[in-house]
Structure formats: structure tokens, C-alpha cells
2 protein chains.
Amino acid sequence: MSILTAAADVLRCFSSTRHDVTVTDLVTLLGMPKSNASRLLRAMRDEGLLETVGDSKHYRPSLLLAQVGQLYRFAASLIDRADAVVGRVSDQIGHTGYISVRRGTEVIAATAHPGRHALRVVTSIGDRIPAFASSTGRALLARLSDAEVRALYPEGFTAPSETAPRDMDELLERLAETRRAGFAESHDEAVRGVRAISVGLGDAATGDEVALCITFPAATVEPGERLTIIRSLAEGAAEIAALTQDKRFFPLNLSYSETAP
Amino acid sequence: MSILTAAADVLRCFSSTRHDVTVTDLVTLLGMPKSNASRLLRAMRDEGLLETVGDSKHYRPSLLLAQVGQLYRFAASLIDRADAVVGRVSDQIGHTGYISVRRGTEVIAATAHPGRHALRVVTSIGDRIPAFASSTGRALLARLSDAEVRALYPEGFTAPSETAPRDMDELLERLAETRRAGFAESHDEAVRGVRAISVGLGDAATGDEVALCITFPAATVEPGERLTIIRSLAEGAAEIAALTQDKRFFPLNLSYSETAP
DNA sequence: AAAAAAAGTTCCAAAAAATGGAACTTAAGT
DNA sequence: ACTTAAGTTCCATTTTTTGGAACTTTTTTT
């Protein structure tokens with residue numbers, strides 16, 4: 001057994017309730033001899049993996065670990081991670097999934113996973129659609145304050161379809177609903193007969209924001225399947241949100257998801 | 001030499017420009033035999049310190065490191081508190097803010113808040129810059145005695161730019177000024193056209209010390225805005241200093257802040 | 001599609017580091 | 001000042017690590 005095992009075990013001792021460890025902590029937690037615990041902590045400190053708190057016998061993770069840990073976030077960019085989730089859900093469900101980003105009042109698809117079904121929604125990467133009139137757009141707008149949304153549309157907008165919000169008040173009400181539920185939904189908005197479910201997500205460090213979306217023909221999806229989509233998207237997004245410390249993430253609230261808009 | 005040394009060296013290979021490493025990277029960067037590099041990366045992955053990107057031969061830091069690294073901020077709660085202040089000021093002003101710590105004669109950014117302005121200073125976490133030639137560094141060096149500062153630089157230093165201190169006497173004079181004013185300022189030092197304002201701060205209980213910094217393009221900031229930055233940083237820092245019973249905190253003395261250096 | 005080059009892995013005996021029990025030192029509590 | 005707890009150092013034994021070379025796999029070139 002390599003000393004790396006022991007070192008990794010030490011790192012696993014840290015948690016939100018244990019910010020530092022001592023020799024005796026290791027003896028208790030890992031059942032290792034005192035002598036080893038003592039030497040291991042010192043060695044890890046000498047190598048820069050840990051640092052002592054002041055000049056006490058308490059050891060905590062080092063700045064090096066903080067920095068390397070930070071990189072993890074960039075190593076797998078937000079879009080990559082979100083795309084992985086959408087890809088998984090799309091594979092599982094068979095319907096088309098994609099990732100969109102917002103640029104001003106428009107949303108643009110960044111990656112797409114075509115569904116397997118004969119009747120499927122085809123999205124093309126790079127298409128720009130109005131943010132207020134799509135589930136992806138509203139999932140992203142919901143991350144703004146009402147004031148910011150108003151500022152985005154100084155001259156209002158015109159609804160392109162029956163089911164899209166007709167004015168600012170209606171949009172803000174839909175956004176409030178999105179925040180409560182933790183997801184946005186559209187029906188017949190951009191394309192007739194098409195529904196879409198979207199979840200918004202951001203990275204506090206980089207400021208990036210994306211929407212995860214699954215879209216499908218309204219006629220072919222049962223209520224149960226719709227719930228599965230919502231759950232899968234929301235769970236995947238929530239994991240990423242925890243990692244990126246997204247403060248504006250709205251967790252799923254299933255009591256709102258029963259009612260189709 | 002323990003394998004821990006090698007493992008720590010591997011972690012130090014990661015940077016904002018190198019998110020993952022391969023066997024050959026290690027051979028090149030650390031000059032170790034291929035066989036060692038190969039086994040080391042595998043061992044670190046097996047222990048959960050690294051993970052492979054997809055199923056490629058590229059290794060990146062693991063989730064474990066990301067999690068443990070996150071704890072650093074809370075373990076060193078001073079950073080967390082200081083970061084909150086800088087984040088608030090950065091939001092309010094729109095310019096980039098960050099927190100740095102000193103390691104010997106270098107300062108390293110620990111957290112960053114990108115500004116909102118189109119022209120903004122971009123800092124990368126983990127970058128090491130010389131302490132004597134930066135506002136953050138001088139804010140931290142000002143907390144030492146002149147004797148301690150001299151001891152840090154037994155062989156003196158060479159100024160990297162026109163506006164940086166050229167010798168020890170000039171540095172000590174700048175530090176004295178920093179103590180009187182309660183903040184440090186730099187202009188064109190690390191990057192031309194960039195100014196920065198920093199305040200040093202410590203935690204008596206843990207011995208941690210950090211610098212709070214706001215940095216901005218020299219051309220775009222009015223004298224009034226500069227004063228706002230100074231006041232906001234200093235006030236936020238003073239509050240924390242009271243909380244942590246920092247005995248070496250230098251309170252703001254606005255009569256010194258009128259003169260731009 | 002074959003050949004060449006590059007990248008990565010496995011093998012081995014020598015060299016170095018880790019182990020754990022006990023003795024020892026330092027710090028904390030009474 | 002005494003007692004107890006916490007942490008460190010010592011030692012011979014056991015285990016891991018090391019680096020060169022041979023080997024396999026992957027990538028690039030012809």
C-alpha cells in the first residue's frame with residue numbers, strides 16, 4: 001500500500017464539518033499508528049499538500065490544493081459538463097437535447113444531440129431564437145432580476161405565437177413560475193406541436209450561463225415520461241451547480257411540475 | 001525522496017494554461033523517467049487524486065481535490081470573509097477584485113472577481129508575482145517590521161518596472177507610506193496602464209494574512225471613484241480586522257490618500 | 001496499407017522509504 | 001508541581017520506489 005493511499009485518505013478526512021485534522025484525529029479516523037500519522041502529516045505539509053494553522057498542530061488543506069481544485073472547474077468547462085448531462089438524458093429518452101447560451105435577447109444553441117425517434121425535433125447549432133419566447137430563453141432570463149429583464153426589453157416585444165408571453169407582465173409571471181418550479185417549459189412556441197423543457201445553470205467563477213434543454217413532439221410524450229425528463233435534467237444540472245457554486249440555481253420543486261402550462 | 005514529493009510536483013504542473021497532463025508532459029516538465037511518470041499518474045488516479053479525461057491518456061485534478069480545495073477557503077475563513085468584501089466592492093464598482101496571500105517573497109491570487117467593464121484586468125488564480133513590486137505584496141509586507149522585510153531579501157531585488165521600488169530603502173519608504181495611509185497602491189508595475197489598490201489584513205487566531213485588491217485600467221477611473229474604492233476596501237477590511245482581532249491592521253488615513261503616487 | 005516514429009506500459013534487481021512498537025519529549029489539565 | 005494526554009523520534013524489518021531496457025500500443029508519415 002503506497003503512502004499515496006494514506007495521503008488520499010487524509011484528504012478524505014476533510015469535510016464541511018472538519019476543516020482541519022490533528023495526529024489524533026487520524027489515529028481515530030483511519031486507525032493508523034500515531035507514529036505514521038505524525039510523520040504523514042508533516043510530510044504532506046513539507047510537500048505543500050497541507051499547511052498548519054498558525055503554528056498549531058492542526059493541519060488543513062493547502063493553497064496548492066485550493067488552486068489545483070479550482071482548475072477542475074475550468075478543465076471541464078460548463079458547456080462540456082452540461083452537454084454531458086443533456087447527452088445522457090437524450091440517449092436515455094430518445095428525444096433531442098441541446099445546450100443554449102443567451103446573447104442579449106436571443107438564445108443560441110451551442111451543442112445538440114439529435115433524438116432517435118422517427119418524429120423528432122431537429123435543431124441546428126447557431127440558430128438564434130428570441131429569449132422571451134422559448135423555454136431555454138426563459139430558463140436563462142429567470143436567472144436575472146425582474147428589473148434586469150425589463151432593462152433588456154426597453155421597448156417590449158411582440159409574441160410570435162399564441163402560447164408565448166404577450167407582454168412584459170406575462171413574461172415576468174412565467175419567469176417567477178420558472179424560478180419556483182426550477183425549470184421552464186414551452187409548448188407550440190417556436191414550432192407548432194413541439195414542447196421543450198429547460199433548466200438554467202451558471203458558473204460563479206467564469207460567469208458563464210447555459211440552458212439545458214430536451215425538446216420533443218407534444219403528441220408522443222406521456223406525463224410520466226415528461227416527469228422523467230424534468231427530473232433527469234434538474235438532477236444533472238443540480239450536481240453541476242453545486243460544483244460551480246452557482247448561486248442563482250433554482251432547484252427542482254416537483255409540486256409545480258404536475259401542471260402542464 | 002518520497003513519492004509524495006513527486007505527487008505534489010505533478011499537482012504543481014497544473015496551471016491556468018495546463019488543465020491536464022500526460023506521461024510525456026511529466027517527463028518534459030519534471031525530468032522523470034517515463035516509467036515513473038506512467039506509474040505515478042496511474043497510482044494518483046487509482047487513489048482518486050487525479051482522473052482521466054474521458055478515456056484518453058490525459059490526467060486532470062479530481063473532484064476530490066476540487067472539494068478539498070474548496071474547504072481551504074472556509075478553513076481559512078479569513079479568505080472567505082475578505083473575499084466577500086472584495087466581491088461586494090467589485091460588483092459595486094465593476095472592476096476586477098481579488099484576494100492574494102503571500103508565500104515568502106511572492107504573492108499568489110487565491111480568489112478572483114472579474115469586473116463587468118469591457119476593459120478590465122484579468123487575473124488568473126495561482127499566478128505568482130513578486131511581493132515588493134505589487135500593491136498586494138506591499139500591503140502584506142507592510143505588516144512586517146523593517147527588519148523582517150530586510151531578512152526576506154538578503155540579496156536585495158531588481159525592479160521589474162519604472163514605478164516599482166528600485167532598492168530596499170525605497171521599498172521600506174513605500175511600506176511606511178502604506179502603513180500611514182492604510183492602503184497600498186501600484187501604477188504600471190506588473191502591467192502597464194493598470195492601477196491597483198490593496199489593503200492588508202490578518203487573523204490573530206490563525207496567523208493567516210491576506211491582501212484585498214481592486215485593480216483597474218488607469219485611464220478609466222476618476223479620482224472620486226478611486227476614493228470610493230479605497231474607502232470601500234478599507235471599511236470592509238476594518239470590520240474584519242475588528243472581528244479577527246488583527247493587531248497589525250493599519251486603518252485608513254484619508255489625508256494620505258489624496259496624492260496619487 | 002505498410003513502415004516509422006512516438007507515446008505509453010511492464011519487467012527486473014538495487015536502492016530507498018514506510019512501518020509499527022516502544023521510548024521519549026512536549027503540552028495541557030488539575 | 002504533578003498527572004495525563006498529545007505528539008515526536010528511534011530502530012530493524014518489510015515494503016515500496018526507482019530507472020534502464022524491452023515491450024506494446026497509438027499516431028504519423030510515406
Side-chain angles (χ1 to χ4, degrees), chain A residues 1-15 17-62 64-65 68 71 75-76, chain B residues 1-15 17-62 64-65 68 75-76 203-208 245:
Chain A
M1 193 188 81
S2 159
I3 196 174
L4 278 182
T5 316
D9 286 343
V10 169
L11 296 187
R12 273 181 263 271
C13 287
F14 295 108
S15 70
T17 55
R18 188 186 305 279
H19 291 170
D20 52 50
V21 298
T22 62
V23 170
T24 13
D25 287 341
L26 289 196
V27 173
T28 316
L29 292 166
L30 303 176
M32 56 167 51
K34 265 202 309 186
S35 47
N36 286 3
S38 172
R39 279 176 304 212
L40 178 56
L41 286 177
R42 182 146 36 95
M44 290 179 74
R45 174 175 55 87
D46 290 347
E47 300 304 345
L49 298 172
L50 301 179
E51 50 188 49
T52 42
V53 180
D55 53 357
S56 72
K57 313 272 184 191
H58 292 248
Y59 292 79
R60 69 180 180 203
S62 71
L64 172 65
L65 292 186
V68 170
L71 290 177
Chain B
M1 193 188 81
S2 159
I3 196 175
L4 277 183
T5 316
D9 286 343
V10 169
L11 297 186
R12 273 182 263 271
C13 287
F14 295 108
S15 71
T17 55
R18 190 187 301 280
H19 291 169
D20 50 49
V21 298
T22 61
V23 170
T24 10
D25 287 342
L26 290 196
V27 173
T28 315
L29 292 167
L30 304 176
M32 55 166 51
K34 269 203 304 187
S35 47
N36 285 2
S38 174
R39 281 175 305 212
L40 178 57
L41 287 177
R42 181 146 35 98
M44 288 179 75
R45 174 175 53 89
D46 290 348
E47 300 304 345
L49 297 172
L50 301 179
E51 53 190 44
T52 41
V53 179
D55 52 358
S56 71
K57 314 269 186 189
H58 292 247
Y59 293 78
R60 68 176 180 209
S62 71
L64 171 65
L65 291 186
V68 170
D203 183 333
T206 63
D208 295 334
Q245 303 191 291

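We name chains A, B, ... by the order of the sequence lines, and we start the count at 1 in each one.
For the pair A:Lys57/A:Val23, no side-chain contact is recorded, criterion being any heavy-atom separation below 4.5 Å from C-beta on. By the 4.5 Å heavy-atom criterion applied to side chains, A:Leu4 and B:Asp46 are not counted as neighbours.
The CG-C1' distance, from B:Leu40 to D:dT18, rounds to 12 Å in whole Å. D:dA5 atom P lies 17 Å from atom CG of A:Asp25, rounded to whole Å. When rounded to the nearest whole Å, the span between CE of B:Met32 and C1' of D:dG20 equals 15 Å. Look at CG on A:Leu26: it is 16 Å from P on C:dA18, rounded to the nearest Å. To the nearest angstrom, P of D:dT17 lies 7 Å from CG of A:Leu4. Nucleotide D:dT16 holds its P atom 14 Å from the CG atom of B:Asp46, rounded to whole Å. Between the CE atom of A:Met44 and the C1' atom of C:dA18 there is a distance of 15 Å, rounded to whole Å.
The listed nucleotides are D:dG19, C:dG21, D:dA6; the one nearest the side chain of B:Asn36 is D:dG19. Of the candidates D:dC10, D:dA6, C:dA7, the closest approach to any side-chain atom of A:Ser35 belongs to D:dC10. In the set D:dA6, D:dT9, C:dG8, D:dT9 carries the atom at the smallest distance from any side-chain atom of A:Arg39.
Between the side chain of B:Ser38 and the base of C:dG8, no donor-acceptor pair of N or O atoms lies under 3.5 Å.
Each of A:Leu49, A:Leu64, A:Leu65 was compared with B:Leu65 under the side chain to side chain contact (heavy atoms under 4.5 Å, CB included) criterion, and only A:Leu65 meets it.
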Pair A:Asp25-A:Thr22, side chain to side chain donor-acceptor pair (under 3.5 Å): steps then yes or no: CA-CA 5 Å; A:Asp25 287 341; A:Thr22 62; 3.3 Å; yes
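An OP1 or OP2 oxygen of D:dT9 is reached within less than 4.0 angstrom by a side-chain nitrogen or oxygen of A:Arg42.
In terms of modelled atom types and a separation under 3.5 Å, the side chain of A:Ser38 and the main chain of A:Ser35 share no donor-acceptor contact.
Comparing A:Pro33 and A:Lys57 against DNA chain C, the residue whose closest nucleotide sits nearer the 5' end is A:Pro33. With DNA chain D read from its 5' end, the first of the two nearest nucleotides for A:Lys34 and B:Ser2 is the one closest to A:Lys34.
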